[in-house]
Amino acid sequence: MTYDWTWENNLFNFIRMVIPKLTRDLPHPFSMDGVVRKDDTLQAKAVREAVTNMVIHSDFMVNGVLKVEKYDDCFVLTNPGLLKLPIEQIYKGGESKARNQRMQNMFRMIGYGENLGSGFPLILNAWNEKHWIKPELQEQPELMQVKLILHIQNDVSYSSSNDPINDPINLTERQKLILQMFSDDKNLSRERLCEKTGLSDATAKREIAFLKKAGYLERVGSLKTGHWIVVSNHFLL
C-alpha cells in the first residue's frame, strides 16, 4: 500500500483503475449472450488496447509521465518517448516494435493487448464502426512524447423532433470541426469533408443535417452551384 493506504503504486494498478473510468461512459447498447447481458463492446476493447499501448510504448528513461485525460467528447492519452515506427505504418498495422517487450508479454498473459501489429487497427475499426472521428496519433518531438486522441460521440445531442432546435446547444468537437471546415471553404463538398475527417458519408450527412436544423449551417443555391454559409461563429469561442 502507499503512504495514504489507498492502492499500490504500480503500472498494473494504474491500468486497472484507469480503464473502467474510461469505458463506463462509452455507449453500451443492450445485447444478450444467451441469458447473460453482454456489456463488453468493440469500443471498450479498443480503449483497453489504447491504454495498454500507452504503457508498453513509453520511454520511462526520459522526463515525462503517463497521462490520461477524459473529456465529454474525447479521451487524450499521453506517454513519454517517441514512436519506433512511422505513423503511417502504425495506422496500417501488421508490424509492432514495443519499447517494453516484457511488459507487453506480461499484459498479454492477463488478457490485455492484441496480437502483435493488430492493436491499432483494432482501435481504428472500433471507431469506424461507430462513425466517430478517426483517432489522432501525434508525435511531439519537442516534448518527447506521443499523444493519442480518441474522439467519442454520444447521440444525446441529437433531437428526436422534427421541429427547429431553439434551446442552447453544446456542440461536440466533431461538429465544431465541421463548421470550421465549412467556414474555411464555403464550397467544400461532403465527399471532401469525409476525406479530411475520416467520417463516413452517412455520419457526415447526419451531422450536416443536424447543424442546418440547429441554425449553424445554411446552404445557399443548388447542390451543384451553391455554397455553404456558417451562420454563427460563436462555436469557436
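With sequence neighbours excluded, no residue satisfies side-chain hydrogen bond (donor to acceptor under 3.5 Å, both in side chains) with Glu218. In this structure, Glu136 has no salt bridge (charged side-chain N to carboxylate O under 4.0 Å, His left out) partners at least two apart in sequence or on a different chain. Every residue was checked against the side-chain hydrogen bond (donor to acceptor under 3.5 Å, both in side chains) condition with Asn63, not counting sequence neighbours, and none meets it. Pro135 meets the side-chain contact (heavy atoms from CB on, under 4.5 Å) test with Ile123, Leu124, Trp127, Leu148, Leu150; sequence neighbours excluded. Judged as a side-chain contact (heavy atoms from CB on, under 4.5 Å), and not counting sequence neighbours, Pro20 has no contacts. For Lys70, the salt bridge (charged side-chain N to carboxylate O under 4.0 Å, His left out) criterion is met by Asp25, not counting sequence neighbours. With sequence neighbours left out, the side-chain contact (heavy atoms from CB on, under 4.5 Å) criterion links Lys97 to Lys84, Leu85. Scanning for side-chain hydrogen bond (donor to acceptor under 3.5 Å, both in side chains) contacts around Glu69 gives Tyr71, with sequence neighbours left out. Residues meeting the side-chain hydrogen bond (donor to acceptor under 3.5 Å, both in side chains) test with Glu129, sequence neighbours left out: Gln43.
Residues Met54 and Phe60 share a hydrophobic cluster, clusters being chains of Ile/Leu/Val/Met/Phe/Trp/Tyr side chains in contact below 4.5 Å. Following chains of ILVMFWY side-chain contacts shorter than 4.5 Å, one cannot reach Val62 starting from Leu11, and the two form parts of different hydrophobic clusters. Ile15 and Val76 are assigned to two separate hydrophobic clusters, defined by single-linkage of ILVMFWY side chains at heavy-atom distances under 4.5 Å. Hydrophobic clustering keeps Leu177 apart from Ile149 (ILVMFWY residues linked when any side-chain heavy atoms are closer than 4.5 Å, directly or through intermediates). When hydrophobic clusters are built by joining Ile, Leu, Val, Met, Phe, Trp and Tyr residues whose side-chain heavy atoms come closer than 4.5 Å, directly or via intermediates, Ile19 is grouped together with Ile110.
For Thr52 (side chain) and Arg48 (main-chain N/O), a donor-acceptor pair under 3.5 Å exists by modelled atom type. The closest donor-acceptor contact from the side chain of Glu139 to the backbone of Leu83 lies under 3.5 Å. Side-chain atoms of Arg99 come within 3.5 Å of backbone N or O of Leu82 as a donor-acceptor pair. In terms of modelled atom types and a separation under 3.5 Å, the side chain of Gln175 and the main chain of Thr172 share a donor-acceptor contact. Panel note: side chain Asn100, backbone Val55; a donor-acceptor pair is recorded below 3.5 Å.
None of Val51, Leu26, Val68 except one satisfies the side chain to side chain contact (heavy atoms under 4.5 Å, CB included) rule with Phe75; the exception is Leu26.
Residues Leu217 and Val230 meet the side-chain proximity criterion, which asks for heavy atoms closer than 4.5 Å. Within the 4.5 Å cutoff, the side chain of Leu66 has heavy atoms near those of the Pro80 side chain. Using a 4.5 Å heavy-atom cutoff, the side chains of His57 and Val146 are not in contact. Between Trp228 and Leu211 there is no side-chain heavy-atom pair separated by less than 4.5 Å. Side-chain contact between Leu179 and Lys176 is absent, with no heavy-atom pair separated by less than 4.5 Å. At a threshold of 4.5 Å between non-hydrogen side-chain atoms, the residues Asp73 and Arg174 do not count as touching.
Enclosure of atom CE in Met106 is not indicated, since only 12 or fewer non-hydrogen atoms of other residues, nucleotides or ligands lie within 6.0 angstrom.
Separation of atoms CD1 (Ile152) and CG (Asp72) is listed at 7.5 Å; rounding is to 0.5 Å. Note that CZ of Arg16 and CG of Asn13 are 4.5 Å apart. Values are rounded to the nearest 0.5 Å. One distance of note links CD1 of Ile178 with CD1 of Ile133; it measures 7.0 Å at 0.5 Å rounding. Between atom CE of residue Met109 and atom CD of residue Gln104 there is a gap of 11.0 Å, rounded to the nearest 0.5 Å. Separation of atoms CG (Leu137) and CG (Leu77) is listed at 10.5 Å; rounding is to 0.5 Å.
Each side-chain hydrogen bond (donor to acceptor under 3.5 Å, both in side chains) pair with one or both residues in residues 140-150, not counting sequence neighbours, appears once here: Gln140-Gln145. Applying the ring-ring contact (aromatic ring centres under 6.0 Å, His included) definition to pairs two or more places apart or across chains, those involving residues 79-104 are Tyr91-Phe120.
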Which pairs of donor and acceptor atoms, one on a side chain in residues 194-202, lie under 3.5 Å apart (sequence neighbours left out)?
unit_1, atom_1, unit_2, atom_2, d
Glu195, OE1, Arg192, NH1, 2.8
Thr197, OG1, Leu193, O, 2.8
Thr197, OG1, Leu199, N, 3.3
Ser200, OG, His131, ND1, 2.9
Ser200, OG, Thr203, N, 3.2
Ser200, OG, Thr203, OG1, 3.0
Asp201, OD1, Arg190, NE, 2.8
Asp201, OD1, Arg190, NH2, 3.4
Asp201, OD2, Arg190, NH2, 3.4

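Checking Asn105 against Gln101 by side-chain atom types alone, no donor-acceptor pair falls below 3.5 Å.
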